[in-house]
Amino acid sequence: MSTTPSVIYLKDYQVPPFLIESTQLRFELEDDRTLVKAELRLTRNPECQVKPRGLLMHGDESLRLCRLAVDGQVLTAKDYSIDAGTLTIAEVPDQFILESVVEIDPAKNTALEGLYLSDGVYCTQCEAEGFRRITYYLDRPDVMSVFTTTVVADKARFPVLLSNGNPVAEGDDSDGRHWVTWEDPFPKPAYLFALVAGDLKHIEDTFTTASGKQVALRLFAEEKDLDKLDHAMTSLKASMRWDEQVYGREYDLEIYMIVAVDFFNMGAMENKGLNVFNTSCVLASQKTTTDAGFQRVEAVVAHEYFHNWSGNRVTCRDWFQLSLKEGFTVFRDAEFSADMNSRTVKRVEDVQLLRTAQFSEDAGPMAHPVRPASFIEISNFYTMTVYEKGAEVVRMIHTLLGPDQFRAGSDLYFERHDGQAVTTDDFVAAMEAASGRDLTQFKRWYSQAGTPVLDITDEYDPSESVYRLRVKQSCPPTPEASEKAPFHIPLQVGLLSPEGTDMPLENGATTVTLELTESEQTFTFTGIPQKPVPSLLRGFSAPVKLNYAYSQAELVFLMQHDSDGFNRWEAAQKLGVIILQALIADYQAGRELILSDALVGAYRAVLNDTTLDPAMVAKVLTLPSQAYLGELSTQIDVDAIHAAREFAMNALACALEAEFSQAYKRCLIDVAYQPSAEQVAQRMLKNLCLSYLLRAGKPEYLALAQQQFSDADNMTDEQAALALVVHSNYQDAAPAMLSQFYSRWSQESLVVNSWLAVQASNPCPGALSQVEALMQHEAFNMKNPNKVRSLIGAFCGQNPVNFHAKDGSGYRFLADQVVALNELNPQIASRLVAPLTKWKRYDETRQQLMRDQLQRIMDSAELSRDVYEVVSKSI
Ligand code: TRP
Ligand code: ZN
């Protein structure tokens, strides 16, 4: 790093001095370079108070300027200046046409921002600030323009030429090249621009909108993957219908396209009319994709589709407002998935993710509010906080307003701000206007970081039939503030009678929403005939940590009787936490480990209850994860947590072997494969049973796993069997299965990724040398983010015992990879470094080893802004 990168502050926001009324682009794709010709119609922004004489445009070092003209007058070197990131023209009129020609080199673009090549296919990724790597522009989301784009390329090698909007003209040139012109009538910021050129095939369908408009749906992929697009198409049509029915939102162009590419930094991108997807989030087939993979495709297709309104028609004023589109859209896609599958299972999965990944982000050095106040590199703020906590904030508004007022607020928001670039305050203002509620205090959720903690006690007065809940809220300090003002928190509560039924509360309701607004509050329930067991935070109604001194007996009771499905699962987790925390302490003190009967009994009851949703049974019978137990510890003892969990799982396996075996058989499916909620649930429970059976110490269960591995007609069962054996004590059986799996699937890149991840996340000794060996394997490619995530990411994030090896080898390995990736792909490098930044949570020896590696990264030459920001803030 030659100069220290500068910090950008929300408080410095100013409206743009110029606007771009129209943007005409012409891309000439050639082998060793691409020419980008831009014709921009610029005008002064009437809303801007200052009238600068000159014009400052965003750009990038990699742009080579060939021509620049204002109203047809070619500019010479004295008329403008260029530095690393900007182009400044000294003097411009109030309204003018700016023409530019730049040369770029997509083949050298390994950062995968801007225009790049993915396996021979040209594609773009412009969010957040990638467009400036394509041409000089006002690359900020509050500058919205209509785009006309012509793409020219060799016809034989690039038969498909795509951009946003509708195709309006095409033709052949005499030299074997052809061209297509696309027009997007909706004004949009540059981050939503897209271009794709390649030898792609597509599947096609149509959708008729509620008002009767026909929309062509085209999904593109390489020919070999064409048979894996049907699930995405089904999901797309379901999303389009759902957004009409639930939000009253229709699609607005004549065509909607999705392109699958293998090289992609994130999951997918909502470019107007032309989504670009990571293959991992769009391709799916029975043979190659797990149930979780199918559900991810459904969710991501929906997410990107929903952005057409929450993101594209109404976009963000500046990047501090990122959660305006991401939080809202994640909330929308979660509700969609809940409607398509099991609502409770979806909620459990989302809460598990939030409580591990987001809570630990909120407790770490990169903690930031849902609407950050400053950043160095915006790519670092596509975070669990902005996405998942942002979605929880929208969910809380939904809970406080109720579905009807929330819908009225959403209608008002879209109506008021269609075609505008707005703020999270505008979103909340629409919700306030439609509901008449004052959300001033609620908005602290947007400006204060950190996970609030609720400490709850209660008392019952039998003489008065009164029950009281005393709630204290607090929030730990985070980098942006040490003192926090109280949050406005919706706390959904029910009270269970000793018989296990819901007591009627206000107006006969069985769940009430308590609104916390102060640091200490008491809520009184009258007419309560017996001492109740409280069911607190039903449905996880707020992203908080909740402490209430439940006894083990009360938790077992809630597991059986709570009418709130989420809280039945939560009771099992809480019971698991109490028992595992005791085992962790025993392990640390060198005491003998003994498994509590309470857990065995509770598990047995759930396992034998065939009326329950098998997916929920599987969730309930899964012990709190290593990550969650770590998150709950003051100091994370990876070895003790691992040992305690291993012990508990082995003991449960022996105690409940017969039950697991019966449940396994009950879950066998004899009808044709479907990724339906029902079958997904059965496979989930079946494979959970298999995981316990492999711990029962009988070779017959190894044979069962091996048989499932060879007989499976779907990837869920095949991969589960593989992972379970590879991670088991049957180490001798693993190599044969791994090599069989690889030779079966070596041509399926996404399946090979799971093969890499299974080995990288293996808790058995020797995983690091295995990972190092795999980095030399033909299947690995450091330039492909999916490969990096599957191998390096899985080792550092999903293999705590090996990554945190006492000799520091895991830390050293990660630092080496971060330094290497910093040059190739800064976004991926800075995401990968996260596990090292959490050093404060570990013992002193590990702290020192981790900090040494952060320092090594810091000292390496030419750090990207991405890596610099994360490492400098955490050191
Ligand atoms: N807007 C995209 C989404 O949520 C996120 C995204 C895709 C992205 N690719 C990116 C963000 C690259 C930063 C960089 O769906
Ligand atoms: Zn998104």
Side-chain angles (χ1 to χ4, degrees), residues 109-116 118 123-134 139 141 164 188-196 232 235-236 239 243 258-282 296-316 319-337 370 372 375-391 394 785-786 788-789 825-832 864-866 869-870:
N109 182 350
T110 58
L112 314 186
E113 290 179 88
L115 179 65
Y116 63 92
S118 168
C123 64
T124 52
Q125 173 53 42
C126 295
E127 189 179 4
E129 297 179 336
F131 193 78
R132 61 188 64 182
R133 295 166 185 248
I134 293 175
D139 188 9
N164 315 85
K188 65 168 177 286
Y191 84 85
L192 290 172
F193 171 80
L195 175 158
V196 170
S235 304
L236 176 58
S239 312
D243 213 15
I258 292 179
V259 180
V261 300
D262 214 28
F263 286 63
F264 203 69
N265 281 346
M266 305 270 281
M269 180 61 211
E270 70 264 24
N271 317 301
K272 183 80 187 186
L274 177 56
N275 292 179
V276 177
F277 270 61
N278 189 322
T279 46
S280 72
C281 294
V282 59
R296 174 142 181 84
V297 168
E298 179 181 69
V300 179
V301 167
H303 179 98
E304 306 312 331
Y305 176 72
F306 296 156
H307 268 316
N308 190 55
W309 276 96
S310 49
N312 301 1
R313 288 289 287 261
V314 181
T315 195
C316 303
W319 291 118
F320 298 102
Q321 317 298 327
L322 180 57
S323 196
L324 174 79
K325 73 177 178 81
E326 296 305 346
F328 189 18
T329 304
V330 171
F331 172 69
R332 277 149 56 70
D333 85 58
E335 285 296 296
F336 168 76
S337 293
V370 167
F375 60 73
I376 292 176
E377 169 53 60
I378 183 58
S379 299
N380 287 326
F381 287 80
Y382 287 75
T383 58
M384 295 299 298
T385 299
V386 166
Y387 276 65
E388 315 304 322
K389 186 178 182 179
V394 176
N786 287 351
V788 172
R789 281 186 278 259
N825 188 329
Q827 283 185 12
I828 298 299
S830 95
R831 280 177 185 276
L832 216 57
S864 60
R865 291 196 318 182
D866 309 58
E869 177 168 36
V870 174

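Side chains included, hydrogens not; waters and symmetry mates left out as well; all remaining heavy atoms used. Indexing begins at 1, ligand by ligand and atom by atom, following the structure's order.
Arg789 has its side chain within reach of Ile828: a pair of non-hydrogen atoms, C-beta onward, lies under 4.5 Å apart.
Ring planes of Phe336 and Phe306: perpendicular class, angle over 60° (limits at 30 and 60°).
A distance-only check finds no donor-acceptor pair linking the side chain of Asn278 to the backbone of Ala260 [under 3.5 Å]. At distances below 3.5 Å, not a single donor-acceptor pair connects side-chain atoms of Glu377 with backbone N or O atoms of Asp866.
The aromatic ring centres of Tyr191 and Phe131 sit 6.0 Å or more apart. If you look at Phe328 and Trp309, their ring centroids are not closer than 6.0 Å.
Of all atoms in ligand 1, listed by their number and element, those nearer than 4.0 Å to a heavy atom of Met269 are 1 (N), 2 (C), 7 (C). Less than 4.0 angstrom separates some heavy atom of Glu127 from each of these atoms of ligand 1: 1 (N), 2 (C), 5 (C), 12 (C), 13 (C), 14 (C). Short contacts between ligand 1 and Lys325, defined as distances under 4.0 Å to a heavy atom of the residue, involve ligand atoms 1 (N). Below 4.0 Å from some heavy atom of His307 lie the following atoms of ligand 1, by number and element: 4 (O), 15 (O). Taking every non-hydrogen atom of Glu270 and a distance limit under 4.0 Å, the qualifying atoms of ligand 1 come out as 1 (N), 2 (C), 3 (C), 15 (O). Atoms of ligand 1 found under 4.0 Å from any heavy atom of Glu304 (numbered from 1 in listed order, with element): 3 (C), 15 (O).
Residue contacts with ligand 1: Glu326 is placed with a nitrogen or oxygen under 3.5 Å of a nitrogen or oxygen of the ligand (distance criterion only). At under 3.5 Å, not a single nitrogen or oxygen of Gln827, backbone or side chain, sits near a nitrogen or oxygen of ligand 1.
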Quiz item: So Gln125 and Leu112, side chain to side chain contact (heavy atoms under 4.5 Å, CB included) or not? Walk me through it.
Solution: CA-CA 7 Å; Gln125 173 53 42; Leu112 314 186; 6.0 Å; no
Exercise. Could you walk me through whether Lys272 and Lys188 pass side chain to side chain contact (heavy atoms under 4.5 Å, CB included), step by step?
Key: CA-CA 8 Å; Lys272 183 80 187 186; Lys188 65 168 177 286; 4.1 Å; yes
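Looking at Phe381, Tyr387, Phe277, Tyr382, it is Tyr387 that brings a heavy atom closest to atom 3 (C) of ligand 1.
Rounding to 10 degrees, one finds that the Zn ion (ligand 2) sits at the corner of an angle of 160° between Glu326 OE2 and His303 NE2.
Distances from the Zn ion (ligand 2) to the N/O/S atoms of His307 are shortest for NE2.
When non-hydrogen atoms are compared, ligand 1 lies under 4.0 Å from the side chain of Met266 (C-beta onward) but not from its backbone. Looking at Ala268 against ligand 1, only its backbone comes within 4.0 Å, counting heavy atoms.
The structure places CG of Asn271 at 11.0 Å from CD1 of Ile258, a figure rounded to the nearest 0.5 Å.
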